[in-house]
Amino acid sequence: MARPLASFHLVVTIAVLLTVLGLVMVLSSSSVGAVAAAGSAYGLFTSQAIFAVLGMVIFYIALQIPVRVMRRFAFPAFAFSVVLLVLVLIPGIGTVSQGTRGWFVIAGISLQPAEIAKITLAVWGAHLLASRRGENSTLREMLVPLVPAALLVTGLIVLQPDLGTTVSIVIIVIALLWFAGLPLKVFLGIVGTAATLAVILALTAGYRSQRVRAFFNPGDDPQGAGYQARQAKFSLADGGLWGRGLGQSRAKWSYLPNAHNDFIFAIIGEELGFLGGVAVIGLFGLFAYVGLRIAMRSTDPFLRLFTATATTWIIGQAFINIGYVVGLLPVTGLQLPLVSAGGTSTATTLLMFGLIANAARHEPEAIAALHAGQDGRFARLLRLRKPEAYRAGRSSAARTVAARQPRARAAAPERSARPASKGGGSRKRQSPAPNERQRGAATDRRTSAGRTEPREGTGRARRAQPAREPARGRQQTNRTTRGSNGRSGERGNRR
C-alpha cells in the first residue's frame, strides 16, 4: 500500500464487491418467497437494486462534500433525525412492520429513520469531540451533551421497539468516547452500565427474553424460539466446504425465516460453502484494516474520529450478525451491511462508505498526489473535487496555548526556587552594606551624564562599571602595544 490513493481505491472496491454480492444473494434467497407472494421472483430484488443505485449516487455525493460543510450541518442533521424518530412513533404516521413501529411508507417506499439517526449521531459526535479536544478538556465537556443526546435517541428507538438498532447506537457512542481519549475508568464504567441496561432490556420484553433463553437452551423450544437459529446452523452444515452452488439452497424454501435479511449469511454458507463465508469475512476484515489506517493517517481530528467510529460501527454490526448466525451470540436482528436485504440500510451504509472514502482522499500523501496531478482515470472520470489540506483554526491554536499555560505556570516556581550560586546552596541574597550603598550612589551621580542609568532599589558599585570600561580599554591597548615592542609586557619580562 505504498501508493498514496491505495486506501481510497480499496474502500471503493470493497463497497462495490459487497453491494454486488448482496444483490446476487438477495435475488437467490428471496426468489422463492417472492414468487409465492407476488408471482415474480424479482420483486424484492428490484427494490433492493433501486436502493443500491440510489446508494451509489449518495456515495458519489459523499465524495464531493467538503469537510467544513459536513461539520457545519452536523447538528442540524442530527436534530432533524431526532424529529423523525419522534414522528415515526405517532400512530397514523409511522408504520408497524415485524412488530416494530419504525418505518415511513411514502409512495410505496419504506424508509427507516433510525438508520439516518445512526449516521447523524456519528458525524455530530465526531464534530463535537473534535471541537473539544485537547489536554485541558474536562470530563464534563467530553460527556455532555453527547451522552444525553445518545440516551434520547436510544430511548426513542427502544419505544419502537428495535433492539438491533439500539445495539448499533451503543456501539457508535462507545467508539466515539474510546477514540476521543476518555479515561479508562470512566470508559469501563460506561461500558458496564451499557451492558447492564442491555441485559435488562433483553429480559424485560417477551420476544427478546425468548431469544436469550433459546440461545442458552437451544433444545428447549426447537420449533419455536430456537427454530430460526437451528435452521441457520443446518444451512451452514449443508453447504460444506465448496457449497451446493449458487441458487441451489434448500433453506430458502420456507425452511429458514428471513433468509434474505437477517440470516443471509447462512444462505451464503450453504450456496458458496465455507470458502464463500471466509471470503465475506475477509472483505470485512480488509475494510477494518483500511478504515483504521485512514483514521491513523488523517491529520484532521474530526476525520480521524469519524472514520474510526464508522469503521467500528460497520465491523461491529457485521460481527454481531455473523455471530448470531453461527450460534456465538443471541439473535438481535442486526443486518449484514450491504449484503442483507433492506433499502434504507443499504443506502445509508453506502453513504458511510462514501464519507470514509472522502476521508481517504484527505490523507496528507493523497492530497499531495492529487494536487500534483496524480488523480488517475477514476477520479478524472467522476470529476471529483480535489480535497483541501487540513489547517488548524484559531480555536485549535487557542486550545493549544491554553493547554501549555498551566505547564508554564507550574514550571515558573521551580525556576525561581533554583539556587543562584554554583555550589547548589539555598543561601538568600544579602542586602548590600551601607558603605556599598554610598559608593553606588556616588557612582550613579558621576555617571548620570548619559553613560548609565541607575536602577531603583539597587546601589551596588558594579552597576556603574560601564563608566570605567573606556579607561581599562586604553590601558590594555597600551600594555599590548608595549609588549609587542619587547620592552615591557609578557615578552619583555621574559627577556
To the nearest 0.5 Å, what is the distance between [atom1] ([X]) and [atom2] ([Y])?
X: I367; Y: T299; atom1: CD1; atom2: OG1; value: 6.0 Å
X: I65; Y: L63; atom1: CD1; atom2: CG; value: 9.0 Å
X: S235; Y: K233; atom1: OG; atom2: NZ; value: 12.0 Å
X: I109; Y: W103; atom1: CD1; atom2: CH2; value: 13.0 Å
X: I268; Y: I264; atom1: CD1; atom2: CD1; value: 5.5 Å
X: T309; Y: I174; atom1: OG1; atom2: CD1; value: 11.5 Å

Are more than 12 heavy atoms from other residues, nucleotides or ligands located less than 6.0 Å from atom [atom1] of [X]?
X: F215; atom1: CZ; value: yes
X: Y227; atom1: OH; value: yes
X: R250; atom1: CZ; value: no
X: F75; atom1: CZ; value: no
X: Y42; atom1: OH; value: no
X: Y255; atom1: OH; value: no

Does the [X] side chain pair with the main chain of [Y], one donor and one acceptor, at a distance under 3.5 Å?
X: H371; Y: P387; value: yes
X: T311; Y: A308; value: no
X: K252; Y: G33; value: no
X: T13; Y: H9; value: yes
X: S298; Y: D300; value: no
X: T120; Y: A117; value: yes

Minimum heavy-atom separation for [X] and [Y], please, with both atom names.
X: A74; Y: V123; result: CB-CG1, 3.9 Å
X: A52; Y: L350; result: O-CD1, 3.8 Å
X: G291; Y: T307; result: O-CG2, 3.4 Å
X: A266; Y: L256; result: CB-CD2, 3.9 Å
X: P257; Y: F263; result: O-CD1, 4.2 Å
X: V88; Y: G102; result: CG2-C, 3.5 Å

Close side-chain approach of [X] and [Y], heavy atoms under 4.5 Å:
X: L384; Y: F8; value: yes
X: F306; Y: M352; value: yes
X: R211; Y: Y324; value: no
X: F265; Y: V339; value: no
X: V147; Y: M142; value: no
X: L351; Y: I58; value: yes
X: L18; Y: P337; value: no
X: L143; Y: L182; value: yes

Answer yes or no: is there an ion pair linking R297 with E365, defined by an N-O contact shorter than 4.0 Å?
yes

Does one side chain, of [X] or [Y], offer a donor that lies under 3.5 Å from an acceptor on the other?
X: S345; Y: Q335; answer: yes
X: T346; Y: Q48; answer: yes
X: Q228; Y: D262; answer: no

What's the verdict on side-chain contact (heavy atoms from CB on, under 4.5 Å) for I172 and T312, showing C-alpha distance, side-chain angles and the deciding distance?
CA-CA 8 Å; I172 291 172; T312 305; over 6 Å; no

Determine, stepwise, if the pair S110 / T95 fulfils side-chain contact (heavy atoms from CB on, under 4.5 Å).
CA-CA 9 Å; S110 300; T95 303; over 6 Å; no

Measure the acute angle between the ring planes of F187 and W178, then classify it against the limits of 30° and 60° as parallel, tilted or perpendicular.
tilted

ring-ring contact (aromatic ring centres under 6.0 Å, His included) partners of F287, counting only residues at least two apart
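For F287, the residues satisfying ring-ring contact (aromatic ring centres under 6.0 Å, His included) (neighbours in sequence not counted) are F353.
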
May I have the step-by-step check of side-chain contact (heavy atoms from CB on, under 4.5 Å) for R71 and V67, ending in yes or no?
CA-CA 6 Å; R71 301 187 66 172; V67 177; 4.2 Å; yes

side-chain contact (heavy atoms from CB on, under 4.5 Å) between V199 and V212, worked out
CA-CA 10 Å; V199 172; V212 174; over 6 Å; no

